[in-house]
Asks: 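If you scroll down you'll find the structure; I have some questions about it.
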Amino acid sequence: GGDDGGTTAAPSGAPAASGASIGKIGVILPDSKSSARWETADRKYLKEAFDAAGVESDIQNAQGDKTAFQTIADQMITNGAKVLVIVNLDSGTGKAVLDKAQSQGVATIDYDRLTLGGSASYYVSFDNEKVGQLQGEGLVKCLTDDKVEKPIIAELNGSPTDNNATLFKNGYDSVLQPKYDSGEYVKGPDDSVPDWDNAQAGTIFEQQLTQQPKIAGVLAANDGLGNAAIAVLKKEKLNGKVPVTGQDATVQGLQNILAGDQCMTVYKAIKKEADAASQLAIALAKGEKPAAPASVKDPESNRDVPSVLLDPQAIYFDNVKDVVTDGYVTKDELCTGDFAAKCTEAGVS
Amino acid sequence: MSQGPVLELRGINKSFGAVQVLHDVAFSAYSGEVTALVGDNGAGKSTLVKCIGGIHPSDTGEYFFEGEKVHVGGPRDAAALGVEIVYQDLALCDNLDIVQNMFLGRERKSGLVLDEASMEEMAAKTLDGLSVRTVTSLRQHVSSLSGGQRQTVAIAKAVLWNSKVVILDEPTAALGVAQTAQVLELVRRLADNGLAVVLISHNMNDVFAVSDRVAALYLGRMAAQVKTSEVTHSQVVELITAGRSGELGIKNDNGAAA
Amino acid sequence: MSQGPVLELRGINKSFGAVQVLHDVAFSAYSGEVTALVGDNGAGKSTLVKCIGGIHPSDTGEYFFEGEKVHVGGPRDAAALGVEIVYQDLALCDNLDIVQNMFLGRERKSGLVLDEASMEEMAAKTLDGLSVRTVTSLRQHVSSLSGGQRQTVAIAKAVLWNSKVVILDEPTAALGVAQTAQVLELVRRLADNGLAVVLISHNMNDVFAVSDRVAALYLGRMAAQVKTSEVTHSQVVELITAGRSGELGIKNDNGAAA
Amino acid sequence: MTTETLPEQQRRNDTSITAYAGGYVDRVRGGELGALPAVFGLIVLCVIFSILRPAFLTPGNFANLFTQGAAVVVIAMGLIFVLLLGEIDLSAGYASGVCAAVLAVSLTNQGYPWYVAVLAAMVTGVVIGVALGSLVAKLGIPSFVVTLAAFLGFQGILLLLVKGGTNISIRDTTILAIANKNVPPIVSWIVLVVGVAVYAGIQLFRARRRIGRGLKADPFTLIAFRVLSLAVISGVAVYVLNLERSRNALIVSLKGVPIVVPIIVVLLIVWTFVLRRTAYGRHIYAVGGNAEASRRAGINVDRIRISAFVICSFMASIGGIIAASRANSVDPNTGGSDVLLFAVGAAVIGGTSLFGGKGRALDAVLGGAVVAVIQNGMGLMGYSAGVKYVVTGSVLLLAAGVDALSRRRAASTGRR
Amino acid sequence: MTTETLPEQQRRNDTSITAYAGGYVDRVRGGELGALPAVFGLIVLCVIFSILRPAFLTPGNFANLFTQGAAVVVIAMGLIFVLLLGEIDLSAGYASGVCAAVLAVSLTNQGYPWYVAVLAAMVTGVVIGVALGSLVAKLGIPSFVVTLAAFLGFQGILLLLVKGGTNISIRDTTILAIANKNVPPIVSWIVLVVGVAVYAGIQLFRARRRIGRGLKADPFTLIAFRVLSLAVISGVAVYVLNLERSRNALIVSLKGVPIVVPIIVVLLIVWTFVLRRTAYGRHIYAVGGNAEASRRAGINVDRIRISAFVICSFMASIGGIIAASRANSVDPNTGGSDVLLFAVGAAVIGGTSLFGGKGRALDAVLGGAVVAVIQNGMGLMGYSAGVKYVVTGSVLLLAAGVDALSRRRAASTGRR
Ligand SMILES: Nc1ncnc2c1ncn2[C@@H]1O[C@H](COP(=O)(O)OP(=O)(O)OP(=O)(O)O)[C@@H](O)[C@H]1O
Ligand SMILES: Nc1ncnc2c1ncn2[C@@H]1O[C@H](COP(=O)(O)OP(=O)(O)OP(=O)(O)O)[C@@H](O)[C@H]1O
Ligand SMILES: [Mg+2]
Ligand SMILES: [Mg+2]
């Protein structure tokens, strides 16, 4: 937390004066509701990195609204940004923004999401399909540990309007589908949760369970959805018996893992991603042309986009401590009340 | 002058839920004559008028116009027949001005565009004839008019058209002395021009001053429809308050209203 | 019986936007007397009543009640002084029934709970006294009432309370013969009981039948306020339509309304 | 001049049940349908879902229905006060979210006991209501604009409270119990019997008093019929809810009336009482029906307006607490997405008018039930996201269409 | 009995500009404020933002304002027809999304030329309007419920059209030009001159005709003043938009009036004409003011209702096309999130009443401008997500508060 104080302070310092040296960097985050990471982690880390380099920055959030997304981009260009770092809401608006920036001589970076057919100079990301894959593998691991025979799997997918949710689903289905096909697992209910809304997720999962009382594993696309499923399972004291997956390594998710209610979560070391992006951005702002370690082929334009790709990490009870060690979650937040003992057990220090 | 009635209703029944308001009512209006429709409060006069105007569908009953049986399913049907009505609750649109209200539903156009100038001219002429002195502007919203001014607008609206039957439901209730005289004069003039005029009023002087026939409703039943010249003031009052007067009126009055 | 007036207004001016409706109007009402307020349509009678009732704030002017200067900022202030008004546009809530409307704002309670039974009883008694025969149920919504029935409910609502001044704005406009007689009788009775009654009416017969004083408004100016016994029928009509009559009335009438 | 007896008086003694039943049929035919259309729509929906998915008819699903619909019903109940005035509160959903966040922060971050946290949430609701109501009543800004601004503002406050998008878990067992635990069967039976007895007592007492004063009263047979229906319907509901519905009854027994049910019943009784039996409730209807007439009748219209917003936001805070309990956590979406639309929709489907002056607390429950049944039933169908939206919309339209068609008569008799 | 001259007639010749100006001041004092409050709120906002962020005042930002606000303004303009009747269309946002999706599918997936695709989108809009309008007018289901169902249904249809979560790119240059290209400067000057001349001509012609008939007409000085103001304001706007606003003009020149501007101006003129100068427009106001009186006047109320929904959905389709052009793509969120609330909010801020009977096409533009300025200005401020929501809400309230306070007098003179 604590992001508001920092950002509001920045623009109040005279923008034109200090920006003259190496120009300003604009960052557009996608929303604040699909995942906690944007406002709590990305904003913080990017800000820290820019401040440390003494570069002026403007970090804004489009709140899931494409129109707002484009408006913010317009405003940043108006405000004199030299580099634009965007997390697109969809490739269409993303491309519109990138093209407009390019036409105005503003350098661009695709952050976390590749804009198909876009013109970004660089792409920095975790692999979203990989995230899904880890979730699928995690669920398989927990089910195998519990030695469940022919488990019925329920899937709680992310927002139907969110392309990332589709990517996650591609990832975990690539693990689960072969098992369904071979008859090892049974495919149960499979629903999307509008707006990643946890309250609706609760109702949806409750109905999945009514429809199919023998659900033995839940693939929930993030920690919030996972928690909603766990809340329902708790009513029947099925929590801990039915493994549930997650994503984002939120305090809530980690605590659920410590309590044994959640099987795993996927941790994306956002600091690394943010650092990589901010380094590229600063270099671009200085007029340099840094090299990238990898490249990704844009399937739409067949362009090789210079890229920095980072690996997501699956978190189970045993390696919860990694997240704390990384500083992504503090021990104080995590090990409150009853969780202190669990933390010790899990080796969190 | 009296041939057959231009407007004739037979056997009209009308209930609102459990309450029967009109019982087997017959009513006629003749061209060139003023028919006064009288009755106590709640007798069903306005309801009868609304049935004539197609506002309420009647439950049963027949509707003849110029001798032919017609079906009036809504206000547009009535207007098409040439029946103009001033309702007691003065159906005006408060958010429109005087001219707009007067021409509502029958705006004058030149091409696609409204012909405001000619409408304003006609409205001014009609209102002038009704003794309204205090209206500051014809472009005033009717919501800001006094009670009498509203009533005048409603009357002016109804007499602006070439119709065959004009029905006025208590048109002078809110009018001043001079305006009332003007409206009564207008009523007479309309009848003399060959229209059938129906006038609802509680004022017996007015009724006797202008009407040719009197129809008295008593608790939803038609007590009598007679020539004005054949009855006296007090007979009509008796018909209104008791439903009968000597020979006239409802024979077997059991007094049940509902 | 006449000491000082219980209600007195002085120098009331009231404009709506560009239109000045009341010009320096003075008006008094005396306990035990019926004051008739007359005037042509749009003369400003209802506006004056609304200023008394606190519905519209007057632009300038003084308001005395029982000899003391008071400020009436809204309907609640007027009601607190003991002024009850029946407005011409009958302020009733269409979505409530007769009893609910009659006791609106002054419901009877036993403890926290509304005392429906006693309210219904009182309402029935009051309405019985006003000759309403056709109301089927006191629990009928007022939206389904006839014009006269609505007016009766509004009158009954105002006379239900122990007030010092009762103002009736054209109370008999929609009423039948019998009901009008009842209301006029009621007006007289209220005055005889020591209340100050103000009656607005366009009917000169009614005015002369019950009133002790006549106040005539002409185009927003007070033309005259005189004892009824001292003027003739035609003098009052002249005051209404021309603003003066011989000695009486506005001296330098320039006829400008606006 | 004649002083005949009022027909009213003639009717006063005509209080037989047949006359009453006849009157009811007439009223229904005349368009005063009350709860009928919503109930009818509800029955149609339930029959359809039961046929398509037998799981719909299980006791477990019946219990789920209540907890799933509770928050929307409670918010809708508050909204009815605002709607009765012809106003709207777009922010009620996020207001519930903010209150839930206050609850969660007090409980989890600050470690206060549950009653302090609940109090804090409710006070937040009241404060919000006072602020919104004052802006609408005193400044005269249209409520749509005020609450649209609040809708945005509260979204921000919610985000700030939950620190930019994290979920705050709720672990307090008392709060969690609200939406997740049940009343012991024996208690529910006792409450049911006492409740029905009290209801019967009040009805009889009132009828006695009216007859004592010579007024028309409900016939005793009708009262008996009402009491009996209440007893049967609630008895069946309690019986079904008291059946074992656990999937593994050996490990954990799951039976009883969910705790939210008595909460909703109490709120329904309280607000119905307020609206129908107090002067305040009467004034709400009056202001909604004709604000100017109410002002002339001496009602303090501003105060009524403000109070309605206070009640609305207060109920939103309770809705927020229920939602937080049900989700075991609070996140920036709590009270967001379609909560508000569904709550207003519930009120309107129940029969409340958006133009003011017409509505009952029961509307929220009936309309909320329709919304909850649709969502519950659709959850069993296993459609893909797109199809699900389309079918949900169509079903909603179907339920509302049944309602509208059965109300058609109302229009034809001139009452709208 | 006396036939005095009407004061009206006395006044008819009193057409001097001073009398007129006096009348205007009186009208304003009397509460007939027209566009003043919204304009005033707009100016306050612009001043504040300009002081806080000088970048707000650049030509580039001025041009952005138009493209940013265009879709909402267009949708709001259609909504005004529905609001004028006292109805609501919750589905207008997603209807624009569906139409945009039809456009995108026709263009990109089916490869039709742009005019076919635009036609398909518009026809979709009209069909939607007919469906919604018929359900409201013929079946009598409350519009809130019908359009809530449609709101859900269209979300689903949109998802199905764009196949779950992906998006469809638009590459057709004609469509892309709508929101992204500009009118050549010379053309805009010519159109401006011709437009002002035509306006002046119409005004003069009308005044002549009225005077010819002996009616009160606007004095020539007033007409001159109006024409001059129009010329100056639009002249300045065109001048600023024709300035070079590219940041590196060598690479690419960026100047001219964005193409959406003439589109909005044309729509504004057309709908203003329809509402003010045709019988149809008159009937819209009449039905919104008093549906029963309109029915009695012989107006086909059902047809008016249906047509209003048709216009609303048709305008939504145009809004959708503009949105698609601006976003270069269509995805399942097109027309979603707060588009609808902002559109209704724009209409209400502009001065349209939700109770019907009061509103103008211009309201959509003025209110839309307020909304666009707020979003534009907030985009320059660099707040975090939560703070931004809160500040946006407060600023909206501020703009509406200015409006409400300046309208206060209206209430005190008894006109609401
Ligand atoms: N929509 C309605 N629903 C129920 N009852 C109604 C409705 N409209 C009218 N009534 C009842 O029908 C009866 C006749 O009403 P109507 O308005 O026709 O009387 P009226 O003769 O015009 O009386 P008035 O002289 O007072 O205007 C009244 O008792 C009234 O209460
Ligand atoms: N709110 C308002 N705005 C503008 N003008 C108004 C308003 N209210 C009344 N007027 C005007 O003030 C004048 C006086 O109206 P008022 O209602 O007081 O007349 P009145 O004497 O009661 O007439 P009537 O006998 O017709 O009821 C009328 O010309 C009317 O048009
Ligand atoms: Mg009548
Ligand atoms: Mg008057």
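Convention: sequence-line order gives letters A, B, ...; per-chain numbering from 1. Computed from heavy atoms alone, side chains included, the values below leave out hydrogens, waters and symmetry copies.
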Asks: How many angstroms lie between CG in Asp99(A) and CG in Asn180(E), if you round to the nearest 0.5 Å?
Replies: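 The CG atom of Asp99(A) sits 9.5 Å away from the CG atom of Asn180(E).
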
Asks: If I take atom CZ from residue Arg326(E) and atom CD from residue Gln70(A), how far apart are they, to the nearest 0.5 angstrom?
Replies: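 If I round to the nearest 0.5 Å, the distance is 4.0 Å.
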
Asks: Mind listing the closest non-hydrogen atom pair of Ala96(A) and Ala327(E) along with its distance?
Replies: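 Answer, listing the atom of Ala96(A) first, then Ala327(E): CB-O, 4.1 Å.
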
Asks: Which residues from residues 101-109 of chain E are near chain A, with near meaning under 4.5 Å between non-hydrogen atoms?
Replies: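 Listed by number, there are no contacting residues, so the answer is none.
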
Asks: Identify the heavy atoms of Thr71(A) and Gln375(E) that sit nearest to each other, and give their distance.
Replies: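 For Thr71(A) versus Gln375(E), the nearest heavy atoms are CG2-O, 4.2 Å.
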
Asks: Say whether, by atom type as modelled, one donor and one acceptor occur between the side chain of Gln75(A) and the main chain of Asn376(E) under 3.5 angstrom.
Replies: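 Side chain of Gln75(A) to backbone of Asn376(E): a pair is present.
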
Asks: Supply the atom-to-atom distance Leu65(E) CG to Asp74(A) CG, rounded to the nearest 0.5 angstrom.
Replies: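 Going from CG on Leu65(E) over to CG on Asp74(A), the span is 10.0 Å.
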
Asks: To the nearest 0.5 Å, what is the distance between OG on Ser159(A) and CG on Leu159(E)?
Replies: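 So the gap between those two atoms works out to 8.0 Å.
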
Asks: Looking at Lys187(A), I'd like to know if its NZ atom is crowded, meaning that more than 12 non-hydrogen atoms belonging to other residues, nucleotides or ligands lie closer than 6.0 Å.
Replies: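 Yes, because the 6.0 Å sphere around NZ of Lys187(A) holds more than 12 heavy atoms from other groups.
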
